[in-house]
Number of protein chains: 2
Amino acid sequence: MPVGVSLKDIAKHAGVSLATVSNVVNGYRPVGEETRVRVQRAIDELGYSPNLSARHLRNGRTGIIALAIPELNNPYFAEVAGAAIREAGTHGYTLLLDYTDSDRQKELLLIEGIRERVIDGLILSPVQLGRADVLARRSDKPLVLIGESVYDVPHDHIAIDNVAASHVAVQHLVSLGRHRIAFIGAHPDVHRQPAHLRLRGYQEALSSAGLSFDPALVAVTAQFGRQDGLTGMRELLKLSEPPEAVFAYNDLIAIGAIRAIHEANLRVPQDVAVIGFDDIEDGRFATPSLTTISPDKESIGQLAVRSLIARVEGKHVSEPADIQTPFRLVTRESTIGR
Amino acid sequence: MPVGVSLKDIAKHAGVSLATVSNVVNGYRPVGEETRVRVQRAIDELGYSPNLSARHLRNGRTGIIALAIPELNNPYFAEVAGAAIREAGTHGYTLLLDYTDSDRQKELLLIEGIRERVIDGLILSPVQLGRADVLARRSDKPLVLIGESVYDVPHDHIAIDNVAASHVAVQHLVSLGRHRIAFIGAHPDVHRQPAHLRLRGYQEALSSAGLSFDPALVAVTAQFGRQDGLTGMRELLKLSEPPEAVFAYNDLIAIGAIRAIHEANLRVPQDVAVIGFDDIEDGRFATPSLTTISPDKESIGQLAVRSLIARVEGKHVSEPADIQTPFRLVTRESTIGR
DNA sequence: ATGAAAGCGCTAACAA
DNA sequence: TTGTTAGCGCTTTCAT
C-alpha cells in the first residue's frame, strides 16, 4: 500500500543513504553542500513529502496542534483561529480547529485527550470548565488556555486584562452622562472559579464613578450569541426604569440588544447607548455601527500558538505564564451618534 | 519515548499473541470467547487505546480529512464547516479545517496536495480555480468540490441549484413591483468556466419578467465581504437612475449594501429593497432583517463528508456525481418592511 | 482459533 | 561527513 515517495526512494535516486536524506530534510546534522544539492534535486523531482504517521510513530510527535474554540461561527473566534492557523504554519505545524459548542462534556473530553493520539498539544478557550477540572486532568500533552477564564492552574494563559477593559467600556458610557447602565451576558453557571471578570470590571467602574450597583440591571444569558442579547435586552426594557446604556459581554450580544431596542421603537444611542466587546466585523457594518472594546486578536492567536509549540518542543522550560495582550476602545455610532 | 500502553503490553498481560489482541480490537477474524474476555479485561485494566500513527503507517490512511473554505469568518462557511466536522466525527474521522483566503495559489497548493501526507482526502470550496486547474491535478487523494463553481470535472460536487435559487430571489424582487433591479457581487476574474451562475439566474429572471438587462446595474466586486457590498452599493447609488432593488451575491454583501443605502439617507426597503444569499445569522439580526435565499448548509456539509469518506474507503465506486441540495426563500424586513 | 514475523517510513544511536 | 541498523506500534500473511 505504498502510496507515495519515501525517503528510501530519494536515497536510491540520489545515491546516498537514508540518514543523509533525513538530514537534508530535517537538518539535525550537517550535510555536505554538494550532497545536499543532489538530494534536494531528487526530492523536487520525485515530489517527496514526509510521511507524518511514520515520523510520529518514531518520535512521538505528530506536528499537529489543536485549537478548540467554543463556536465556529462567532467571528471573534474565527479571527483568533485564523491568526493561530497562520502562526502554526510558519512553525511547520498544522493546526486542527475544533469546537466545543460551549459544552462542558466536550471541553472535558478535550482536555482529557480525546484526540490524545493525534495531536502534540492543545489550545483551549474554555467556557464551562472550572479550576478543579483543569487540575484533575491526567493527559501530559501541553495545554494552553485562552480567554476570559483564569484558573490559577499550571498552564500558560493568554488573554487581555478583562477587568481593565470592562472598566474602560463602562467608563466610556459614564462619560456620556448615562447613569443607569446595564450589563448583559453574565454567566449563569457556577463552575467558574474567579467571579466573572467582565462583570467585575463593570462593577468597579460603576463604583469608581460613584454610581450604585443595581442587580436588576444585570441580565444573565445562557449563551453568548445574538439571540441571547435580544432576549436579555427585552427583559431589561421591561423594567419600570429601563437602562440608558448597556455594556454587553460581547459584540454578538450587543447586536442582539440593538435589535431589541429597535423593536421597542427606541433609538441607539439617543435612548440607549450600547457598547460591545471583541470588535468583530459585524459591528463595524451594523446600523448603527457598534462601539466596542477591541482586543488584539492577532496576537492572542500568535502567542497561544507560540507558547504551545515552545512547550511541545520542550524548549520553554519557564514557569507557566499569564500573558496579557493589548486592547483599545473603539468608539462608533452606537454610543456617540453621528 | 513510549508514552502509552501498546498492543504488546496487552498481549503480555493476557498471555496471548499480538495478532489475537489486534483481532479483539478490530474483529477482522474470529476470536474464542474465553480469550476475548481475557484480552478485553487486560485492555480495560491497562487502559489501552490504539496508536493511530502506527495503524495509519500500516494501512496507508490517517483518518483525517480536510475541508478548505475560502474564509473562516464568513458565517456561511463556518456553518457548513460545523456540519462537516460533526459528520466526520460520526464516521470516526477527524476533520482538518483550512482556509484559502480566496487565493488562487493557496487553492492550487491544496488540490496538488500540500497536506498530501496528512490527509486521506479533501473537500474544497474553490473560488479562483478553473476547470483546467482541477483537471491538471496530479494527486490521487479523493477530492470533493462544494459551492457555486461547477467545472464538469471527475469529482463529486455538492451545491444548491444556483441558477434556480437566484431566479427565485430576483423573482421575489420583481413581485414587489420593482423594475430597476441591481446585482452586486459579480466575479471580476476570468478563470471561472461556466459563466457566473448567480448572475445567470439574475439575467434569466429579468428576462422572464420582461425586464431588460442593464449592465450598469451589475456591480463587480473584488471579494465577497461586507466592505465589497458597501463599495458596490455606493457606486450603484451614484447612477443617475439608481436601483429600486438589489440582489446581492451573498448576505455579507447585502449587509454592506444596506449600510451604504443608510449612509445615503435612503430607507430599506422603501427606497431600495435588498435580498441576500446564504441565510447567515447576521442577516436575521440586522436592522432591517435580511430577506435571503437559505441553502441547506447542514446537508451540504454532511453530503460532502459522506461522499468523500465513501471515496476514501473505496466503497463508492459510482461515477462522480453532481448533488443538488435544497434551498428556500426567506422573506424578512429588507424586502417586505414591517 | 491462534501465533510468529515481516514491514509500513522514519529518526537516532552507533560505526566508519 | 556519511552509512547502517534497530525499532516505534500496528496489521496481515503464512504457519500451525
Side-chain angles (χ1 to χ4, degrees), chain A residues 1-40 42-43 46-64 92 116-118 120 312-314, chain B residues 1-40 42-43 46-64 92 113 115-120 313-314:
Chain A
M1 203 146 305
V3 74
V5 184
S6 76
L7 274 192
K8 195 155 66 176
D9 300 323
I10 302 298
K12 200 184 300 174
H13 197 81
V16 297
S17 77
L18 275 181
T20 301
V21 182
S22 174
N23 284 318
V24 169
V25 174
N26 300 296
Y28 290 132
R29 54 182 203 187
V31 175
E33 189 49 32
E34 198 182 332
T35 330
R36 138 164 291 114
V37 171
R38 198 147 34 91
V39 171
Q40 189 58 53
I43 289 177
L46 301 188
Y48 168 78
S49 74
N51 179 316
L52 290 193
S53 294
R55 186 178 276 177
H56 173 44
L57 179 58
R58 184 51 228 238
N59 66 18
R61 279 199 244 126
T62 61
I64 298 179
E116 177 88 334
R117 306 302 274 256
V118 183
D120 293 339
V312 166
E313 299 183 346
Chain B
M1 206 148 304
V3 75
V5 184
S6 77
L7 273 192
K8 194 155 67 175
D9 300 324
I10 303 297
K12 199 183 301 172
H13 197 79
V16 296
S17 78
L18 274 180
T20 301
V21 181
S22 175
N23 285 316
V24 169
V25 173
N26 300 296
Y28 289 132
R29 56 181 200 188
V31 174
E33 189 49 33
E34 198 183 333
T35 329
R36 140 164 292 116
V37 172
R38 198 147 33 94
V39 170
Q40 189 57 53
I43 289 177
L46 301 187
Y48 168 77
S49 76
N51 179 318
L52 293 187
S53 294
R55 181 177 282 176
H56 296 143
L57 177 58
R58 194 38 233 248
N59 66 21
R61 282 198 244 122
T62 63
I64 299 179
R115 298 215 192 289
E116 178 88 333
R117 305 306 276 257
V118 184
I119 62 172
D120 292 338
E313 299 182 347

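If you're wondering where the values come from, they're calculated on a predicted model, not measured in any experiment. Naming convention: chains lettered A, B, ... in sequence-line order (proteins, then strands); numbering from 1 in each chain.
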*Euclidean distance, atom CG of residue A:Leu7 to atom P of C:dC8 [Å, nearest integer]*: 13 Å

*asked:* Whether A:Ser17 contacts D:dT4 is assessed here as follows: a side-chain N or O lying under 4.0 Å from the phosphate OP1 or OP2. Is that the case?
replied: no

*How many Å lie between CZ on B:Arg61 and P on D:dG9, as a whole number?*
22 Å

*asked:* In this structure, how many angstroms lie between the C1' atom of D:dC10 and the CG atom of B:Asn59, rounded?
replied: 9 Å

_If you assign A:Val31 and A:Leu18 each to the DNA chain D nucleotide with the nearest heavy atom, which residue ends up on the more 5' nucleotide?_
A:Val31

*asked:* What is the distance, to the nearest angstrom, from the CZ atom on A:Arg38 to the P atom on D:dT1?
replied: 15 Å

*Would you mind reading off the distance between A:Asp9 atom CG and C:dG9 atom P, rounded to a whole angstrom?*
8 Å

_Whether A:Tyr48 contacts C:dC10 is assessed here as follows: a side-chain N or O lying under 4.0 Å from the phosphate OP1 or OP2. Is that the case?_
yes

*Taking atom C1' of C:dC10 as reference, at what distance in whole Å does atom CD1 of A:Ile10 sit?*
14 Å

*Mind running side-chain contact (heavy atoms from CB on, under 4.5 Å) on A:Ile10 and A:Val25 for me, showing each step along the way?*
CA-CA 11 Å; A:Ile10 302 298; A:Val25 174; over 6 Å; no

*Between B:Ala54 and B:Gly15, which has a closest nucleotide on DNA chain C that is more 5'?*
B:Gly15

*Below 4.0 Å: OP1/OP2 of C:dT11 and any side-chain N or O of A:Ser22*: yes

*Between B:Leu18 and B:Ala11, which heavy-atom pair has the shortest distance, and what is it?*
N-CB, 4.0 Å

*asked:* Looking at C:dC8, I'd like to know if its phosphate oxygens (OP1 or OP2) sit under 4.0 Å from a side-chain N or O belonging to A:Asn51.
replied: no

*For A:Thr35 and D:dT1, is the shortest distance between a side-chain N/O and OP1 or OP2 below 4.0 Å?*
no

*Out of D:dA6, C:dG3, D:dT2, which has the shortest distance to the side chain of A:Arg58?*
D:dA6

*Within the structure shown, what part of the strands sits under 4.0 Å from A:Asn23 by heavy-atom distance: base, sugar-phosphate, or nothing?*
nothing

*asked:* Tell me if the side-chain of A:Arg29 makes a donor-acceptor pair with the base of D:dT2, cut-off 3.5 Å, by modelled atom types.
replied: yes

_So if I take every side-chain heavy atom of B:Ala19 and compare against D:dT12, D:dG3, C:dA1, which nucleotide ends up nearest?_
D:dT12

*Result of checking B:Asn59, B:Leu52, B:Asn51, B:Thr62 against A:Ser53 for side chain to side chain contact (heavy atoms under 4.5 Å, CB included)*: B:Thr62

*Atom-to-atom span, NZ of A:Lys12 to P of C:dG9 - whole angstrom*: 11 Å

*In whole angstrom, what separates A:His56's NE2 from D:dG7's P?*
20 Å

*Is any side-chain N or O of A:Arg55 closer than 4.0 Å to OP1 or OP2 of C:dT11?*
yes

*asked:* Using side-chain heavy atoms (C-beta onward) and a distance below 4.5 Å, is B:Val39 in contact with B:Val31?
replied: no

*Indicate yes or no: at least one non-hydrogen side-chain atom of A:Arg55 is less than 4.5 angstrom from one of A:Asn26.*
yes

